[in-house]
Amino acid sequence: MKDSPIHKIEKVIENILPTSDINFDELDYSVIDENKADWIKLSELTHSVILVFDCYTNKFVFVSDNIPPLYGIDSNRLILEGHEPIIEIIHPDDIYYGLLVRKKIYSLLKAFSAEEKLKHKVVHEMRVKNTRGEYIRIIEQEHVIELDKSGNIWLMLSVIDIDASHESETTKSHLFNFETGEQIFIDLSDTLEEALTNRELEVLRLMKQGLLSKEIAESLKVSINTVNSHRQNILQKLKANNSIEAVNLALRLGLLNK
């Protein structure tokens, strides 16, 4: 359905893709067939899931056939339906963050020179649900492999692996420069539609410590009604359903680092 939440997310993805108004007949799609053998070999050697995404058609043009059955997704469905099958299994808390971080990263990449775009990869962490209803942490390494004639991003290759480290409960993303080894961690504090006030940030830090509204009120020397009002504003601004979601998203956005 066109008004379904998944369709709305698909439209947001389409709107943030780093493309230009170049005509399709200016894109040489023969490069896909020329490189398929290499992508297949890459999936076989690394045992990683390999995806190649066309930013102009908003479709996957290559999906390796080694997606584990536990994901509940087959290669043909990704080719036919684009991001929809993936959106269905991503942890709800990671979807909004994923859209924010991709919008910021694509805007950074767009500002790079053509040469610099090809030197960087994006590392995303996210949680996806398997067929047993369990959430698995995965790492996606995404980088530009083809530009159009104007130097805009056209094809992006993703290498996806299960994250066995479980280093942190908070998923995050960063840019990595192949040539220099530099990591650029993404500050998303400026992506909110409405910024949190200093007082709301104070309340949020105390929420992170696990304090209840009564305890926060005593700490800040304000009424419990004032604290509850701040909490409600925080949830609305972060588009979070509860305090745990709000704190986790704030950590990913870098709001609590200031």
Side-chain angles (χ1 to χ4, degrees), residues 6-7 9-69 71-90 98-99 102-103 105-124 126 128 138-162 173 175-179:
I6 288 177
H7 183 265
I9 294 169
E10 278 269 64
K11 293 303 294 182
V12 172
I13 293 172
E14 185 176 343
N15 290 336
I16 66 176
L17 290 174
T19 57
S20 68
D21 295 326
I22 195 168
N23 295 323
F24 283 106
D25 58 9
E26 296 181 64
L27 299 171
D28 181 9
Y29 276 91
S30 66
V31 299
I32 295 173
D33 288 330
E34 291 170 3
N35 287 282
K36 274 186 180 179
D38 290 336
W39 300 333
I40 292 170
K41 185 178 293 184
L42 178 62
S43 70
E44 292 172 346
L45 290 174
T46 63
H47 303 289
S48 304
V49 175
I50 306 299
L51 310 175
V52 178
F53 187 75
D54 182 346
C55 292
Y56 282 87
T57 63
N58 196 25
K59 296 290 183 182
F60 292 105
V61 293
F62 175 83
V63 180
S64 59
D65 61 4
N66 62 339
I67 299 176
Y71 287 121
I73 296 177
D74 63 70
S75 303
N76 289 333
R77 189 176 174 211
L78 283 180
I79 292 288
L80 293 173
E81 300 180 29
H83 284 104
E84 183 173 328
I86 299 175
I87 296 169
E88 290 175 354
I89 64 172
I90 293 178
L99 292 174
R102 278 169 170 76
K103 183 176 182 180
I105 286 174
Y106 289 154
S107 69
L108 290 174
L109 286 174
K110 191 173 184 179
F112 288 172
S113 67
E115 184 181 5
E116 287 296 312
K117 285 172 184 161
L118 296 170
K119 289 180 182 177
H120 286 81
K121 70 176 177 180
V122 186
V123 182
H124 298 295
M126 70 187 83
V128 297
I138 64 172
I139 296 178
E140 176 188 16
Q141 300 182 69
E142 179 184 31
H143 64 98
V144 181
I145 57 172
E146 289 290 340
L147 304 172
D148 65 23
K149 292 180 179 179
S150 299
N152 299 297
I153 296 172
W154 169 25
L155 298 180
M156 301 191 77
L157 181 144
S158 292
V159 179
I160 300 175
D161 296 286
I162 292 175
S173 300
L175 272 171
F176 179 81
N177 187 310
F178 291 119
E179 191 171 274

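Values below: every heavy atom of this structure, side chains too, minus hydrogens, waters and symmetry copies.
Atoms CG and CD, from Leu157 and Gln141 in turn, are 10.0 Å apart once rounded to the nearest 0.5 Å. Distance check: Leu109 CG to Lys121 NZ gives 13.5 Å after rounding to the nearest 0.5 Å. To the nearest 0.5 angstrom, Leu27 atom CG is 5.0 Å from Trp154 atom CH2. The CD atom of Glu179 sits 11.5 Å away from atom CG of Leu118, with the distance rounded to the nearest 0.5 Å. From Arg77, atom CZ reaches atom CD of Glu88 across 4.0 Å, with rounding to the nearest 0.5 Å. Interatomic distance, OG of Ser173 versus CD of Glu140, reported as 9.0 Å (0.5 Å rounding).
A salt bridge links Glu116 to Lys119: one of the charged nitrogens lies within less than 4.0 Å of a carboxylate oxygen. Between Asp33 and Lys36, at least one side-chain nitrogen of the basic residue sits less than 4.0 Å from a carboxylate oxygen of the acidic one, meeting the salt-bridge criterion.
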- Task: Would you sort out whether Glu142 and Leu51 count as a side-chain contact (heavy atoms from CB on, under 4.5 Å), showing the intermediate values?
- Result: CA-CA 9 Å; Glu142 179 184 31; Leu51 310 175; over 6 Å; no

- Applying side-chain contact (heavy atoms from CB on, under 4.5 Å), run through Ile40 and Phe62 and close with a yes or a no. CA-CA 9 Å; Ile40 292 170; Phe62 175 83; 3.8 Å; yes

- Run the side-chain contact (heavy atoms from CB on, under 4.5 Å) check on Ile138 and Val49 step by step: do they pass? CA-CA 11 Å; Ile138 64 172; Val49 175; over 6 Å; no

- Item | side-chain contact (heavy atoms from CB on, under 4.5 Å) between Ile160 and Ile139, worked out | CA-CA 6 Å; Ile160 300 175; Ile139 296 178; over 6 Å; no

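Here the side chains of Val144 and Phe112 are not in contact, with every heavy-atom distance at 4.5 Å or above. With contacts defined as side-chain heavy-atom distances shorter than 4.5 Å, the pair His124/Ile105 qualifies. Under the 4.5 Å side-chain criterion, counting only non-hydrogen atoms from C-beta, Ile32 is in contact with Trp39. Contact check for Leu147 versus Asn152: no side-chain heavy atoms found under the 4.5 Å cut-off.
For His143 and Phe176, the gap between ring centers reaches or exceeds 6.0 Å.
When all heavy atoms of Ser64 and Ser75 are compared, the pair lying nearest together is O-OG, 2.8 Å. When all heavy atoms are compared, the tightest approach of Phe53 to Asn58 is CZ-OD1, 3.0 Å. The two residues Ile145 and Val52 come nearest to each other via the heavy atoms CD1-CG1, 4.0 Å. Nearest heavy atoms, Val63 versus Ile67: CG1-CD1, 3.8 Å. Of all non-hydrogen atoms in Asp54 and Leu155, the two that sit nearest each other are CA-CD2, 3.8 Å. Contact record, Leu175 with His120: CD2-CB, 4.2 Å, taken as the closest heavy-atom pair.
Without hydrogens or angle criteria, Lys117 side chain to Ile153 main chain gives no donor-acceptor distance under 3.5 Å. Under the 3.5 Å distance criterion, the side-chain polar atoms of Asn35 are left unmatched by any main-chain donor or acceptor of Asp38.
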